[in-house]
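Read the structure below first, then the notes.
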Amino acid sequence: MAIEKVKRTWFLVERSGLDAFIQALAASKTTHVVDLREEAPGLPFKVTASAEHLGAGEARDRIQKLSRVLDILDEFAPRKRALHENFVNLPTEMTRAEFDRAVAEVDVHRVNDHAAAVQRSHTKAAKRADELRARIAELQPWSGANAPPAGLRHCGADLGTVPARVWPRLEAAARGLAELAVERVASDGGRVLVAAAWTKESGREAGDLLALHAFQPLNVEPGAGRIGGVVDAVRAELTELESKAEALEAEAATLAKDRRKLVAALAHWEAELEQSEALAKAVASKRIAVISGYVRVREMGKLQALLRREFPNVGLVAEDPKPDEDVPVSLGGSRLFAPAQFLTSMFGLPDYFGFDPSPYIFLTFLVFFG
């Protein structure tokens, strides 16, 4: 492998044709456009405009929303991938007519609001369902017991659990407080279900004593009847929530049928953002604009053919990068070491004027990890 050679390029473009040229340059994917605003003080030109003024803000907003929608769809209705797609990301292919139609049909704000609403509702339903399952697990062992009676005027009552090893101490302590009565209702493993009653005047002392002995109320509404009936009501609510969650998942799956359109719309707005940012990196006089960037030497022919074919009036100057330039790095070369590009990028790409360490990293990786 090796660091691919690049040329620093300068384009002289008529100001009136700047937008069209930027679009064609972006579509060609040959040029890494650099920001001339820092170099503008040394050039007889002015900055064209800010990226936000050129529509970058709108493009970023739509990119963010479409990316969010696709993430939501991947969560609820993940796309089925072929085996090789688990190792290589392949671009979505479509005709230009399909692409243009998809971009026109996708209402970014509407689909974002719809997908976000589905996600919020599903998250809320799932959270409540987890609470109900925990509630069933808490009450199920005591299904045969009864909730405290309702309408008590002169005393309070509650139903709760204490650790089995603590029950004897609570029973003994309650005997020392005449205004508090406790009764063992049932037991299940390491916990005991306790019914407690106290006079209104001694509510605070009774509460402190129960808390001291790790009393955990079941929080069942007084007069609710048998705990088994409460469990049945909770189960009914859980079933309703599970049905609602399934309906929301089906709604997300319906949205996912438009995934190709959403991918196309995302690509469109990413291209719009790239063009806005490229325009903002240019400088211009009243009639002439200057754009600069880096082009791989192997793609210079493609770029020159584009200029001859579509932009014969655009001037091109190409030169070798200077040592003080921050040159973008692209790794290329032998396919044998191609997997090492990932390893190299993890540690940071080398300097353009240095050497490519990928073969050494690759061989070392093989020695240590096989």
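For the numbers below, each heavy atom of this structure counts, side chains included, while hydrogens, waters and symmetry mates do not.
- Here OG1 of Thr161 is found 7.5 Å from CG of Leu193. Values are rounded to the nearest 0.5 Å.
- Connection of Leu170 to Leu212 is not established within any shared hydrophobic cluster, with ILVMFWY side chains joined at heavy-atom distances below 4.5 Å, either directly or through further cluster members.
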Please lay out, stage by stage, how Ile288 and Val13 fare under the test side-chain contact (heavy atoms from CB on, under 4.5 Å). CA-CA 6 Å; Ile288 299 295; Val13 189; over 6 Å; no

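- You'll find the side chain of Leu262 reaches within 4.5 Å of the side chain of Val111, heavy atoms only.
- Hydrophobic clustering of Ile, Leu, Val, Met, Phe, Trp and Tyr side chains at less than 4.5 Å, counting indirect connections, keeps Leu210 apart from Val166.
- Between the side chain of Glu325 and the backbone N or O of Lys322, at least one donor-acceptor pair lies under 3.5 Å.
- Val108 and Leu273 fall within the same hydrophobic cluster, defined by Ile, Leu, Val, Met, Phe, Trp and Tyr side-chain heavy atoms under 4.5 Å apart, directly or through other members.
- Residues Leu73 and Arg259 form a side-chain contact, since some pair of their non-hydrogen atoms from C-beta on lies under 4.5 Å apart.
- Note on Asp232 versus Arg235: salt bridge recorded, some NZ/NE/NH1/NH2 to OD/OE distance being below 4.0 Å.
- Counting heavy atoms from C-beta on, the side chains of Val295 and Val6 never come closer than 4.5 Å.
- With salt bridges taken as basic N to acidic carboxylate O contacts below 4.0 Å, one links Glu138 and Arg135.
- In this structure, Asp71 does not pair ionically with Arg68, as no charged nitrogen and carboxylate oxygen lie closer than 4.0 Å.
- Within the 4.5 Å cutoff, side-chain heavy atoms of Leu180 are placed close to those of Leu209.
- For the pair Lys200/Leu152, no side-chain contact is recorded, criterion being any heavy-atom separation below 4.5 Å from C-beta on.
- Annotation for Asp188 and Pro141: closest pair OD2-CB, 3.7 Å, computed over non-hydrogen atoms.
- Although no hydrogens or angles enter the test, the distance criterion places no donor-acceptor pair under 3.5 Å between the side chain of Arg15 and the main chain of Ala289.
- The existence of a salt bridge linking Arg260 and Glu98 is confirmed by a sub-4.0 Å separation between a basic side-chain nitrogen and an acidic carboxylate oxygen.
- Under the 4.5 Å side-chain heavy-atom criterion for ILVMFWY residues, a single connected hydrophobic cluster contains both Val314 and Leu316.
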Where do Val194 and Glu183 land on the side-chain contact (heavy atoms from CB on, under 4.5 Å) test, with the steps shown first? CA-CA 6 Å; Val194 176; Glu183 180 181 352; over 6 Å; no

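- Residues Leu303 and Thr31 form a side-chain contact, since some pair of their non-hydrogen atoms from C-beta on lies under 4.5 Å apart.
- The distance from the CE atom of Met300 to the OG1 atom of Thr9 is 6.5 Å, given to the nearest 0.5 Å.
- Within 6.0 Å of CD in Glu75 there are more than 12 heavy atoms belonging to other residues, nucleotides or ligands.
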Using side-chain contact (heavy atoms from CB on, under 4.5 Å), reason through Ile136 and Leu238 one step at a time and then give a plain yes or no. CA-CA 10 Å; Ile136 291 171; Leu238 176 59; 4.0 Å; yes

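- Separation of atoms CG (Leu248) and NZ (Lys244) is listed at 6.5 Å; rounding is to 0.5 Å.
- When atom types are taken as modelled, the side chain of Ser121 and the backbone of Val118 share no donor-acceptor pair closer than 3.5 angstrom.
- Put simply, the side chain of Val182 reaches to within 4.5 Å of the side chain of Trp167, judged on heavy atoms.
- Electrostatic pairing of Glu131 and Arg128 counts as a salt bridge here, judged by a charged N lying under 4.0 Å from a carboxylate O.
- In Arg309, the CZ atom is crowded: over 12 heavy atoms of neighbouring residues, nucleotides or ligands sit closer than 6.0 Å.
- Of the listed residues (Val34, Leu36, Ile291, Val33), just one forms a side-chain contact (heavy atoms from CB on, under 4.5 Å) with Lys281, and that residue is Val33.
- One distance of note links CD of Glu179 with CD of Glu201; it measures 8.5 Å at 0.5 Å rounding.
- Salt bridge status for Glu319 with Lys7: absent, with no side-chain N to carboxylate O gap under 4.0 Å.
- Residue-environment remark: NZ (Lys127) stays at or below the threshold of 12 foreign heavy atoms within 6.0 Å.
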In sequence, state the C-alpha distance, the side-chain angles, and the governing distance for Val69 and Lys65, and then conclude on side-chain contact (heavy atoms from CB on, under 4.5 Å). CA-CA 6 Å; Val69 170; Lys65 288 179 176 177; 5.5 Å; no

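- Taking both residues in full, the closest heavy atoms of Leu306 and Ala24 are given as CD2-O, 4.0 Å, listed atom of the first, atom of the second, then distance.
- Of all non-hydrogen atoms in Leu255 and Ala115, the two that sit nearest each other are CD1-CA, 4.0 Å.
- At most 12 heavy atoms of other shown residues, nucleotides or ligands fall within 6.0 angstrom of atom NZ in Lys124.
- Using a 4.0 Å cut-off between charged side-chain N and carboxylate O, Lys261 and Glu105 make a salt bridge.
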With side-chain hydrogen bond (donor to acceptor under 3.5 Å, both in side chains) as the test, would you mind laying out the steps for Arg8 and Ser292 before giving the verdict? CA-CA 7 Å; Arg8 175 71 185 267; Ser292 184; 2.6 Å; yes

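- Distance check, rounded to the nearest 0.5 Å: CH2 of Trp269 to CG of Asp61 gives 9.5 Å.
- Taking both residues in full, the closest heavy atoms of Pro163 and His213 are given as CD-O, 4.2 Å, listed atom of the first, atom of the second, then distance.
- Applying the ring-ring contact (aromatic ring centres under 6.0 Å, His included) test to every pair with at least one member in residues 282-315, sequence neighbours left out, gives these pairs: Phe21-Phe311.
- The two residues Ile227 and Leu139 come nearest to each other via the heavy atoms CG2-O, 3.7 Å.
- Glu14 has its side chain out of reach of Arg287: every pair of non-hydrogen atoms, C-beta onward, lies at least 4.5 Å apart.
- The nearest pair of heavy atoms linking Phe76 to Ala252 is CB-CB, 3.5 Å.
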Could you walk me through whether Arg62 and Glu58 pass salt bridge (charged side-chain N to carboxylate O under 4.0 Å, His left out), step by step? CA-CA 6 Å; Arg62 294 182 183 233; Glu58 180 186 4; 3.1 Å; yes

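- Crowding of Glu240 atom CD: a count of heavy atoms from other residues, nucleotides or ligands under 6.0 Å not exceeding 12.
- The distance from atom NE2 of His122 to atom CD of Glu246, rounded to the nearest 0.5 Å, is 9.0 Å.
- Cluster membership for Trp198 and Val220, using ILVMFWY side-chain heavy atoms within less than 4.5 angstrom, is not shared.
- In this structure a side-chain-to-backbone donor-acceptor pair under 3.5 Å is present from Thr123 to Gln119.
- No donor-acceptor distance shorter than 3.5 angstrom exists from the side chain of Ser67 to the backbone of Gln64, with no hydrogens or angles considered.
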